[in-house]
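Sequence positions, counted from 1, serve as the residue numbers for this chain. No experiment lies behind these values; they were computed from the predicted model shown.
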Amino acid sequence: MNKRYAYLGLLAAAAMILGYVESLLPVFAGVPGIKLGLPNLAIVMVLYLYSWKEALLVSLVRILGIGFLFGNLFSIAFSLAGGAVSLLCMELARRYLKLSCVGVSMVGGVAHNAGQIAVAVLVVENMRITYYFPILAVSGLVTGVLIGLLGGEMVRRMQRAIPWLRDQRLDDRGQE
């Protein structure tokens, strides 16, 4: 049990560091809002190594930590919406569609953008902002592939290097 929390803490810290590093990177393709989704790497890993409950915990720690350290209430609201929708869709895709890590990450990338667009529509009170979604969806698919490939490989390597992680994954009912 203590090992579990230690690794979850390390993955939450890694997600926060990746989020900070991502904030230092320039805007891609001259389109604001497009990011690599580096913190999602840790979330995908937790989803495959543990369960959605632990992934939710790590996601909340990352979003609130980064938000309070480097952001503001708007950035926290956008991140919470994107993170919640993304995690829900990733877990449904993993559990019911039996998608690979790459497929799950792609779903998460698009869902994250959908959640953020929904918050943006509420904040600016203008539906025209939804025209921006197709651009963000394509970027979510592309970055989802990259994060999924990297996340899948990291999960395999961690399970090989740390034998007890192989048996750590909870079944779909949340039981060990």
Side-chain angles (χ1 to χ4, degrees), residues 4-5 7-23 33-71 73-122 133 136-155 158 165 168-176:
R4 167 183 252 158
Y5 291 125
Y7 278 99
L8 289 173
L10 287 172
L11 288 165
M16 289 178 69
I17 291 167
L18 289 170
Y20 177 69
V21 167
E22 186 175 74
S23 74
I34 292 180
K35 294 182 177 182
L36 287 174
L38 294 176
N40 199 40
L41 176 60
I43 305 307
V44 168
M45 289 176 62
V46 174
L47 195 58
Y48 276 88
L49 291 171
Y50 297 100
S51 77
W52 68 269
K53 294 172 190 171
E54 283 88 351
L56 176 63
L57 179 64
V58 169
S59 187
L60 285 174
V61 166
R62 180 199 60 89
I63 290 168
L64 295 176
I66 289 290
F68 286 126
L69 288 172
F70 307 111
L73 280 167
F74 282 113
S75 67
I76 291 172
F78 278 95
S79 292
L80 282 173
V85 173
S86 175
L87 183 59
L88 173 66
C89 291
M90 286 193 301
E91 175 59 12
L92 292 174
R94 184 198 64 78
R95 184 182 296 188
Y96 297 112
L97 299 178
K98 307 292 187 210
L99 294 181
S100 69
C101 197
V102 172
V104 167
S105 181
M106 290 170 68
V107 166
V110 174
H112 186 86
N113 291 328
Q116 289 190 327
I117 287 288
V119 169
V121 166
L122 293 174
F133 179 70
L136 291 177
V138 169
S139 76
L141 289 171
V142 172
T143 59
V145 169
L146 299 173
I147 295 301
L149 288 169
L150 189 56
E153 185 61 28
M154 290 183 73
V155 165
M158 282 185 71
L165 272 176
Q168 216 32 228
R169 182 73 176 103
L170 301 175
D171 69 16
D172 290 335
R173 293 180 310 278
Q175 312 211 346
E176 294 194 65

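Between Tyr7 and Leu49 there is no side-chain heavy-atom pair separated by less than 4.5 Å. When side chains are defined from C-beta on, Met106 does not count as touching Leu99, because their heavy atoms never get closer than 4.5 Å. Looking only at side-chain heavy atoms (C-beta outward), Leu87 and Leu47 come within less than 4.5 Å of each other. Proximity of Ser59 to Ile63: side-chain heavy atoms (C-beta onward) are separated by under 4.5 Å at one or more points. Looking at heavy atoms from C-beta onward, Phe78 lies out of side-chain contact with Ser75 at the 4.5 angstrom threshold. A 4.5 Å side-chain heavy-atom check between Leu69 and Met16 finds at least one atom pair inside the cut-off. Between Leu8 and Tyr5 the shortest side-chain heavy-atom distance falls below 4.5 Å.
Interatomic distance, Leu141 CG to Leu146 CG, rounded to the nearest 0.5 Å: 11.0 Å. If you take CG on Leu18 and CD1 on Ile43, they are separated by 10.0 Å, rounding to the nearest 0.5 Å. If you take CH2 on Trp52 and CZ on Arg94, they are separated by 11.5 Å, rounding to the nearest 0.5 Å. We find the CG-CG distance between Leu41 and Leu150 to be 5.0 Å, quoted to the nearest 0.5 Å. Taking CD of Glu153 as the start and SG of Cys101 as the end, the distance is 10.5 Å to the nearest 0.5 Å. The distance from atom OH of Tyr96 to atom CD of Glu91, rounded to the nearest 0.5 Å, is 8.0 Å.
Considering all non-hydrogen atoms of both residues, Val119 and Ala77 come closest at CG2-O, 4.2 Å. What you find for His112 and Gly83 is that their closest heavy atoms are ND1-N, 3.5 Å. Leu38 approaches Glu22 most closely through the heavy-atom pair N-OE2, 2.9 Å. Here the shortest heavy-atom pairing between Ala111 and Ser86 reads CB-CA, 3.8 Å. The minimum heavy-atom distance between Pro39 and Arg62, with the atom names listed, is CB-CD, 3.2 Å. The shortest heavy-atom contact between Val85 and Gly115 is CG2-CA, 4.0 Å.
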- Item | Test side-chain contact (heavy atoms from CB on, under 4.5 Å) applied to Leu64 and Ile76, step by step | CA-CA 7 Å; Leu64 295 176; Ile76 291 172; 4.0 Å; yes
- Apply side-chain contact (heavy atoms from CB on, under 4.5 Å) to the pair Tyr50 and Val58, showing each step before the final yes or no. CA-CA 11 Å; Tyr50 297 100; Val58 169; over 6 Å; no
- Message: The test is side-chain contact (heavy atoms from CB on, under 4.5 Å); show your working for Leu11 and Glu54 and say whether it passes.
- Response: CA-CA 10 Å; Leu11 288 165; Glu54 283 88 351; over 6 Å; no
- Apply side-chain contact (heavy atoms from CB on, under 4.5 Å) to Asn113 and Ser139, showing your working. CA-CA 9 Å; Asn113 291 328; Ser139 76; 4.0 Å; yes
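Crowding of Phe70 atom CZ: a count of heavy atoms from other residues, nucleotides or ligands under 6.0 Å exceeding 12. In the displayed structure, Phe133 atom CZ is contacted under 6.0 Å by more than 12 heavy atoms of other residues, nucleotides or ligands.
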